[in-house]
Amino acid sequence: MALPFLPGNSFNRNLGKEKFHKSQHFDYANGTPMLIGEEKPGIGGEPLLGQTLKPKYSVFPKGVGSNAPSWVAFDKQVLSFDAYFYEAVTEKREEKYRVRQCKIYFYLEDDTIQVVEPPMKNSGMPQGTLIRRHRVPLPPPHDDEFYRLEHFNINKEIVLYSRVYTITDCDQFTQNFLRKLGIRLNPPSSVPKDPYSTLRKQMEEGLKPLRPYERIDTLRQFLEHDRHVLRFFCIWDDTDSMFGDIRELILHYFLSDDTIEIKEILGSNSGRDALPVFLQRRMLPKHVPLQTRQPGEITSRTVLNVFGPSGQGGRYILDSLKTGAVNEEFYKDCDLRIGQTINVWGRKVLICDYDEYTKEHYRTKYGIEDFTPVMYKSPASEKIKKTFPPYNGFGSEEDSLCSCLGLLPKPPQRDFKKFIEKDRQGLESNVLRFVGILLNEGGPIDVDRKFIILYFLSDDTIAVFEPSQRNSGRDGGKFLERGRIKKPGQELFKSEMSEYFKAKDLFVGANVSFHGHNFLLIDADEYAFNYMERHADEFPLANIDAVLSKLKNIDESTLKEISQHFTAQDPENTGIIGYDQFRNLIIQVSGIRLLEHEIMTVGRYYSPEQQSEVDIQFLLALSQDQLKKKSFENFSRLLDAFVYRDQERCGFLPFHEARTICMAFRLPLPNDLIQALLERYQDGHGNVEYTKLLSDLNWRQNPLSPSLTLQASTLHEKEWLCETTAHAVKKVNYSSFLEDISKVK
């Protein structure tokens, strides 16, 4: 009995509460915002007096699964139930009702339901989707709620829009899902029989003929083996007949309809007419009939008791026993084996070999593994080697060879693929540059002559240039026209092609002879060294692993002696010595002859990295010398171009804009020199101080000392004459070298 609502008799119901907010009409259900409406709760989310909150969607156990909304967590997850319902039939006396089977799909993401009835042949009723996908309300008086997951179970009736559906079973996914939610599933039930459907089935069975029906099904074989053809190599020995010989045949067996086609292989100048086929495609009988069959004598069906007029109105029956039918055996794929002779309309054809597809067919279907062919061809006679006449001296050797290959001479084809791959691409020139000197020519006057030898990788051509030298008495320029150069010591007029110099024949220390001029290659540029090292498989002298493998034969005593000599040359024990000292010790102490290029490869590999800083005064002296030689004095217009781009008038421009102005103004300086100058005049933010740069470059107003300009010009010319190279190896880390040599051993 409740206490009267008097002071002192009531309890404070707000004790322990934490929420006192006023509820609103908007809330989230399964992660989706929605309007609550009349189910708005009271203060703190508690229901009002007499109010019962109903769940909007299916409620799953808390703490199970992820916190993602239902339309993400249950995307494309559907529960499937098998069901049936009774459909009343009032306008037919043959049936009163019909049992209609259907599928009920429950979409977990939004609790929508869809009912689909599988189509049945000649049902006379509209089938397919009976209820489109949407949320279905419960039957009255709970029609303000919708069906949820807990309303579904096996062997249970549900009402969807006044139609009673009985659930009989569900699929395996639905069973596992419901069991994980803790729902106990009822045992499945059976679907009652439909009387009218049973009657229709009996009527259809009664319409079938009582006599045995002969079924000839060739469609399945055609669909399974269409375009599957077995190929056999055969011969027909016709030497017994006059002017007969051995004929080579190819037999094709079509698996789609068991037909055979034979074609003949005719060699060149065989003297026979090239017929399309030796045997047209047809089924080949094993036994040749004595007389030719009449049309209609062999048929696939036997017809009996033909009476009445022929054509329309006549009647006939089929003889399932095939009384009087002519049975004839035809060749099948099981009859065609290597070494077996088949009868092709009186001609004995021997099967000699299969192709690879046919071998796989017999290996898979019949388990045959022995495919030893029958040798029917005599061993091939030795082919006469084609010889060509010797070179006659007119044109190139390739031109003379092409004139012997055809009646109409064609020009020789160049290696276009190699030309595309090795042609100049951006900064990749694919040109190897070497420095050479003459050997034993002209006496002391040719001792100081140096030449630039260019090898073009795109077409294996060589060009030689001689740089001009002051007070030498000879003009520099082109010494040898670009072209391919033959190796010396070859006969001129011969049938074989001559050997030409290749890229692997040029290396530092090589002696080469170009049209009687003997050159010694003493150096190469940085690009040539890098290219050889990047393609070490083509240039073994630039392969550091191959060079180190030669040094593995050094015994322990010699290795110890080399280490002592290296230590003696390094009094400060830094582990680094000069390249010249390293080269002399390797040649004198090791006892192993290494070529100059191989020693250079070792020195470059063990050279410590050096960051060389170029003096700004040297760059300015070199730039002023170049501008003076080019007679460039238009510094005022160049300054106006910089000022025009400098909208803030601060005297600074970004690096890329300053470089663009110099390139657009055609400043007569090399690109690398412009790049170096702009980098030296940059501030901490990457902007170039162009006013100071142009002031320092103005050789009219701010000329540098003549000695510095002469020194920069002389050094630049020496670099071009290869008297000094920036890429030359200066130091070698001998400690790492000795450590690697000990590992190789």
S.K.: Hey, is Asp257 close enough to Arg281 for a salt bridge, meaning N to O under 4.0 Å?
M.R.: yes
S.K.: Does a sphere of radius 6.0 Å around NZ in Lys286 hold more than 12 heavy atoms from other residues, nucleotides or ligands, not counting ones at 6.0 Å or beyond?
M.R.: yes
S.K.: Applying ring-ring contact (aromatic ring centres under 6.0 Å, His included), name anything that partners Phe85, two or more places apart in sequence or on another chain.
M.R.: Tyr165
S.K.: Salt-bridged, Glu360 to Arg363, with N to O below 4.0 Å?
M.R.: yes
S.K.: Sequence neighbours left out, what passes ring-ring contact (aromatic ring centres under 6.0 Å, His included) with Tyr196? Give chain and number order.
M.R.: none
S.K.: Does this structure show an ion pair linking Arg163 with Glu87, if we count only N-O contacts that are shorter than 4.0 Å?
M.R.: yes
S.K.: For Glu224, look at atom CD and say whether over 12 heavy atoms of other residues, nucleotides or ligands are found less than 6.0 Å away.
M.R.: yes
S.K.: Using every non-hydrogen atom in the two residues, find where Lys359 and Phe371 come nearest and quote the distance to one decimal.
M.R.: O-CZ, 3.4 Å
S.K.: Hey, does Ile183 have a side-chain heavy atom less than 4.5 Å from the side chain of Phe177?
M.R.: no
S.K.: For residues Val116 and Tyr105, report the shortest heavy-atom separation together with the two atoms involved.
M.R.: CG2-CE1, 4.0 Å
S.K.: Measure the spacing between CG of Leu284 and CG of Leu336 and express it to the nearest 0.5 Å.
M.R.: 8.5 Å
S.K.: Can you confirm whether Leu251 sits close enough to Ile260 that some side-chain heavy atom of one is under 4.5 Å from a side-chain heavy atom of the other?
M.R.: yes
S.K.: I would like to know whether Asp82 and Gln101 meet side-chain contact (heavy atoms from CB on, under 4.5 Å); could you show each step before the answer?
M.R.: CA-CA 8 Å; Asp82 298 333; Gln101 303 181 24; over 6 Å; no
S.K.: Applying side-chain contact (heavy atoms from CB on, under 4.5 Å), run through Gln175 and Asp169 and close with a yes or a no.
M.R.: CA-CA 9 Å; Gln175 294 180 9; Asp169 203 354; 3.8 Å; yes
S.K.: Is the shortest side-chain N to carboxylate O distance from Asp240 to Lys348 below 4.0 Å?
M.R.: no
S.K.: Work out which heavy atom in Val136 is nearest to a heavy atom in Leu160; give both atom names and the distance.
M.R.: CG1-CD2, 3.8 Å
S.K.: Which heavy atom of Ala73 sits nearest a heavy atom of Gln77, and at what distance?
M.R.: O-NE2, 3.6 Å
S.K.: Got a donor-acceptor contact below 3.5 angstrom from the Glu117 side chain to the Leu130 backbone?
M.R.: no
S.K.: Give a yes or no on this: more than 12 heavy atoms of other residues, nucleotides or ligands lie within 6.0 Å of atom CE of Met283.
M.R.: yes
S.K.: Hey, can you tell me if Phe419 and Phe416 have their rings parallel, tilted or perpendicular (30° and 60° cut-offs)?
M.R.: tilted
S.K.: Listed by chain and number, what are the ring-ring contact (aromatic ring centres under 6.0 Å, His included) partners of Tyr253, not counting sequence neighbours?
M.R.: none
S.K.: Looking at Glu248 and Arg272, does any basic side-chain N land under 4.0 Å from a carboxylate oxygen?
M.R.: no
S.K.: Going by heavy atoms in the side chains, are Trp236 and Val344 under 4.5 Å from each other?
M.R.: no
S.K.: Mind listing the closest non-hydrogen atom pair of His151 and Lys156 along with its distance?
M.R.: O-NZ, 3.0 Å
S.K.: Take His287 and Asn343 through the test side-chain contact (heavy atoms from CB on, under 4.5 Å) and record every step on the way to the result.
M.R.: CA-CA 7 Å; His287 307 287; Asn343 185 4; over 6 Å; no
S.K.: Look at the side chain of Asp226 and the backbone N and O of Leu223, then say whether any donor-acceptor pair between them is shorter than 3.5 Å.
M.R.: no
S.K.: Identify whether the distance between the nearest side-chain nitrogen and carboxylate oxygen of Arg135 and Asp110 falls below 4.0 Å.
M.R.: no
S.K.: Please give me the minimum heavy-atom distance between Ile338 and Cys352, naming the atom from each residue.
M.R.: CG2-O, 3.5 Å
S.K.: Side chains of His361 and His228: closer than 4.5 Å at any heavy-atom pair?
M.R.: no
S.K.: Can you label the angle between the Phe232 ring and the Tyr362 ring as parallel, tilted or perpendicular, going by 30° and 60°?
M.R.: perpendicular
